[in-house]
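Reminder, nothing fancy here: chain letters follow the sequence lines and each chain counts from 1.
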Amino acid sequence: MTKKTQSLAFANLIASLIFIALGIWGIIQMLNLQQVKDTYAQPNVFPIAMITGMLIFSVILLIQSIIKLSKMNLNDPMVDKAESINVIKDKGVQGALIVIALCVAFVLLFRPLGYVLDAAIIGFIIMALIGKRNWVVMVIVSIAIPFVMWLLFFKLLSVNIPMGPLSFLKDLIAMI
Amino acid sequence: MDFGMLITSYAEVFTSLQILLMTFIGALGGILLGAIPGMTATMGVALLVPFSFGMDLIPAIGLLLGIYCGGMYGGSISAILIHAPGTPSAAATVLDGYPMTKRGEAGRALSVAMFSSFCGGVIGALIMTFLSPLIADMAMNFGPGEMFMLAFFGLSVIISISGKSITKGLMSAFLGMFMCCVGLDPTNGIPRFMTVKQTGLLDGFQFIPALIGMFAVAEVIAGVERILNGKEHTASSNEKITSVLPDWKTIKMIWPNILSGSIIGTFIGAIPGAGGDIAVFVSYGASKSASKHPERYGTGIPQGVAATESANNGCSGGAMIPLLSLGVPGDAVTAVLLGAFIMKGIQPGPMMYVSELHTVYKVFAALMLSNLCMLIVGCLGVRFFAKIVSVEKTMLYPIILVISLLGAFSINKSVFDIGVCVAFGVFGWLMNKYEFPLSPILLTLILGPMCEKNFVRFMNIHHGKIFDIFQSPIAMVFLVVAIGTIVFSIFNQRKINKREAEARANGGSQE
């Protein structure tokens, strides 16, 4: 038996409320936007039209979800169940959140550590997280792939990528 | 048209070893560059222009066109294999290409993409050869009103790519339009949804980091989740590729999609400011609407891949039309090509068809040769590219992530863009989880700025009289076709939902 709060209709209801809140915030922002002289289309006209569209369909989804929830038979096996986002019970969600945290760390450490070190660290941790246990392969792959990509971008495509403590490699490669 | 000169020009191009070699190198480089998420054909052409300085005109143009055509196909490789479109023009290829890979048909999807790209490119080149002055005249009648309606027509396919719920698809689309409004207003420079201190957002959300985030990063997050929940095996796929080209049965199945995609691609490519990224969605929507089984689109069918890939390569021929006929570049790649022509002392434009007809025909031949080289490199590479999916998932996901994040950085060399990519990745993961389609957001991120810019221009030119737009026959044609598409898509979607409900009910009653 599916609880109403576990159904897709309930998830849609929450999503529509989030969209409505976002839309109201957007409209308030646009109504307070600076006006421009000598133009037939103010800078807020297009955004307001688009946000209004979003609000209309969000309200439609809200109504559809409320009707579905009110008519829902909890014993019906055909009820669409929403995917879990339970951080405590769901291992998958925990893993996904770790990957997101690693991505955020990657962004913050990109300049100080440089691409190769930064990518090697997150690559290695994700491999370990999802069950790779051949440590030698893990170390080689997590270092080799970012290094080859850096080499490709630096040497062939002339894209300068931060290298942090490994910046000496740029001079070394330039000499070769 | 001087057929004698046309045949001589083709013969000269196809028998010159230097042109053959340069075009082949270009196609190889283009495919490899296009396959890297974030590296576009435009970048490839821009990077290799300096190498073409010392060459004669036609080998140089062959090299650049090889990159252009190869890059268009290359983008589909990563879209099909790892859910990360290498270029914006491959964004719609993921819709059916990746499900095919998941079903163990990566080789078939790649061969269909390659064959369709080749056919699209050849048909585009043929249309360019025979109809370029005619199409160029029509393309030059596009003012802000027509461009606005073209964008509206592009947006009309949203319902076709919305998936199960039209309401959710339209919510996603309007959210995408809302996102396009972040940054400086394109006409007056007024900051919207940001402060002037947030310099990273001045141009709004960059499209390519957003694309990489919503597809590649979101797929990695979802993949890790599936593996840890035991819903996905970490073992590699061992698909054996028996043929590098699609079999006759598949070709018979996809040829109408290739034909319509190529024509749509060439036509949209010929309009300055519109390109492969728009054409692929329009072609996909048209193909789905015309199908007897629209419910199969998005589940991994060759027709979906063929419709998008033929359209984006058809664009390469289309984009050359205004360049050669009028001297007006249709997109960034043709702008670089225009530079290459001028450097060699040739000014593209109407007079080129009078004074340099031989050169014009050689350019047509070089485009045809580029497509042929792309097919050869593609055939040689299919088995190699398909090996990517044989890498264990425990290694593949981290590799996709680190390459994708680098791709996001490489566009503007901005760490902020990596942040945008990650944010869109999380957003894409959540949207997928709760069955909000991502393709409408992608389409609106492409068309939103075009729509707003031309709307404001039109309003200012016509002193705020929006109804003046009905005086333009081209705009009216787009409006009527767009309304027709919307009505037809709603009807189609209802049919799909009804069939799915019946299938579920039958399944339920059998249980």
Side-chain angles (χ1 to χ4, degrees), chain A residues 8 11-12 15 19 26 29-30 33-34 36 39-41 43-44 46-47 50-51 53-54 57-58 60-61 64 77-78 82-83 85 90-96 99-100 103-104 106-107 110-111 115 119 122-124 126-127 129-132 137 141-142 145-146 149 153 157-161, chain B residues 39 43 47 167-168 170-171 174-175 177-178 180-181 185 187-188 190 192-193 217 220-222 224-229 231 234 392-395 397-399 401-403 405-406 409-410 413 415 418-419 422 425-426 429 433-436 448 451-452 455-456 459-460 462-464 504 508 511:
Chain A
L8 188 61
N12 286 345
F19 273 70
Q29 290 274 313
M30 286 300 96
L33 194 71
Q34 179 188 338
V36 178
T39 180
Y40 289 94
N44 61 1
F46 192 80
M50 295 305 124
I51 297 169
M54 191 178 85
F57 288 102
S58 305
I60 292 174
L61 187 69
Q64 284 175 342
M78 305 287 277
E83 278 203 43
I85 197 153
D90 195 315
K91 259 189 174 182
V93 174
Q94 288 168 2
V99 174
I100 294 168
C103 289
V104 173
F106 178 88
V107 177
F110 192 75
R111 291 240 179 250
Y115 171 68
I122 71 159
F124 185 86
I126 296 174
M127 277 185 221
L129 177 73
I130 52 180
K132 185 86 186 156
V137 172
V141 170
S142 56
I145 298 288
M149 289 309 294
F153 275 75
L157 307 174
S158 309
V159 178
N160 199 0
I161 295 166
Chain B
M39 298 305 291
M43 279 183 190
L47 282 166
T167 312
K168 282 182 167 181
L170 289 168
M171 277 170 75
F174 280 109
L175 179 65
M177 287 298 230
F178 182 6
C180 290
C181 299
D185 145 52
T187 317
N188 302 296
I190 305 289
R192 300 185 300 200
F193 305 112
V217 177
V220 171
I221 298 172
V224 169
E225 187 186 1
R226 286 193 301 266
I227 289 176
L228 292 178
N229 277 337
K231 289 178 185 167
T234 54
E392 257 181 58
K393 296 276 166 59
T394 48
M395 285 202 289
Y397 283 132
I399 292 171
L401 186 68
V402 298
I403 294 176
L405 295 176
L406 180 61
F409 172 80
S410 66
K413 296 167 196 71
V415 180
I418 313 178
V422 172
V426 179
W429 171 61
K433 221 171 162 51
Y434 295 108
E435 300 183 13
F436 279 87
C451 206
E452 181 180 9
F455 167 74
V456 175
M459 291 294 276
N460 283 328
H462 292 261
H463 305 289
R504 280 179 69 174
E511 280 165 23

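Residue contact with chain B, scored on non-hydrogen atoms closer than 4.5 Å, involves the side chain of Val141(A) exclusively. Contacts between Phe106(A) and chain B at a heavy-atom distance below 4.5 Å involve the side chain alone, from C-beta outward. In this structure, the portions of Phe193(B) lying under 4.5 Å from any heavy atom of chain A include both its backbone and its side chain.
Between atom CD1 of residue Ile227(B) and atom CD1 of residue Ile126(A) there is a gap of 10.5 Å, rounded to the nearest 0.5 Å. Note that CD of Gln34(A) is 12.5 Å distant from CZ of Arg192(B), once rounded to the nearest 0.5 Å. Interatomic distance, CG of Leu401(B) versus SG of Cys103(A), reported as 4.5 Å (0.5 Å rounding). Note that OG of Ser410(B) is 12.5 Å distant from CG of Asn160(A), once rounded to the nearest 0.5 Å. Residue Leu175(B) holds its CG atom at 5.5 Å from CE of Met54(A), rounded to the nearest 0.5 Å.
With ring centers used as reference points, Phe455(B) lies 6.0 Å or more from Tyr40(A).
When all heavy atoms of Met50(A) and Phe174(B) are compared, the pair lying nearest together is O-CD2, 3.3 Å. Among all heavy-atom pairs drawn from Ile221(B) and Ala96(A), the shortest one is CG2-CB, 3.5 Å.
Side chains of Tyr115(A) and Val402(B) form a contact here, defined as non-hydrogen atoms less than 4.5 Å apart. For the pair Gln94(A)/Leu228(B), no side-chain contact is recorded, criterion being any heavy-atom separation below 4.5 Å from C-beta on. The shortest distance between side-chain heavy atoms of Cys181(B) and Phe46(A) falls below 4.5 Å. Put simply, the side chain of Pro398(B) does not reach to within 4.5 Å of the side chain of Ile122(A), judged on heavy atoms. When side chains are defined from C-beta on, Val93(A) counts as touching Lys433(B), because their heavy atoms get closer than 4.5 Å. Annotation: side chain of Lys168(B) is in contact with side chain of Asn12(A) (closest heavy-atom distance under 4.5 Å).
Contact count against chain B (heavy-atom pairs under 4.5 Å) is highest for Pro47(A) among Pro47(A), Ser142(A), Ala11(A).
A 6.0 Å sphere centred on NZ of Lys91(A) holds no more than 12 heavy atoms belonging to other residues, nucleotides or ligands.
Each of Val224(B), Val426(B), Val422(B) was scored for a side-chain contact (heavy atoms from CB on, under 4.5 Å) with Val99(A), with one residue passing: Val224(B).
Donor-acceptor pairing under 3.5 Å is recorded for the side chains of Thr39(A) and Asn460(B).
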Next item on the list: Mind running side-chain contact (heavy atoms from CB on, under 4.5 Å) on Leu61(A) and Phe436(B) for me, showing each step along the way?
Entry: CA-CA 12 Å; Leu61(A) 187 69; Phe436(B) 279 87; 3.9 Å; yes

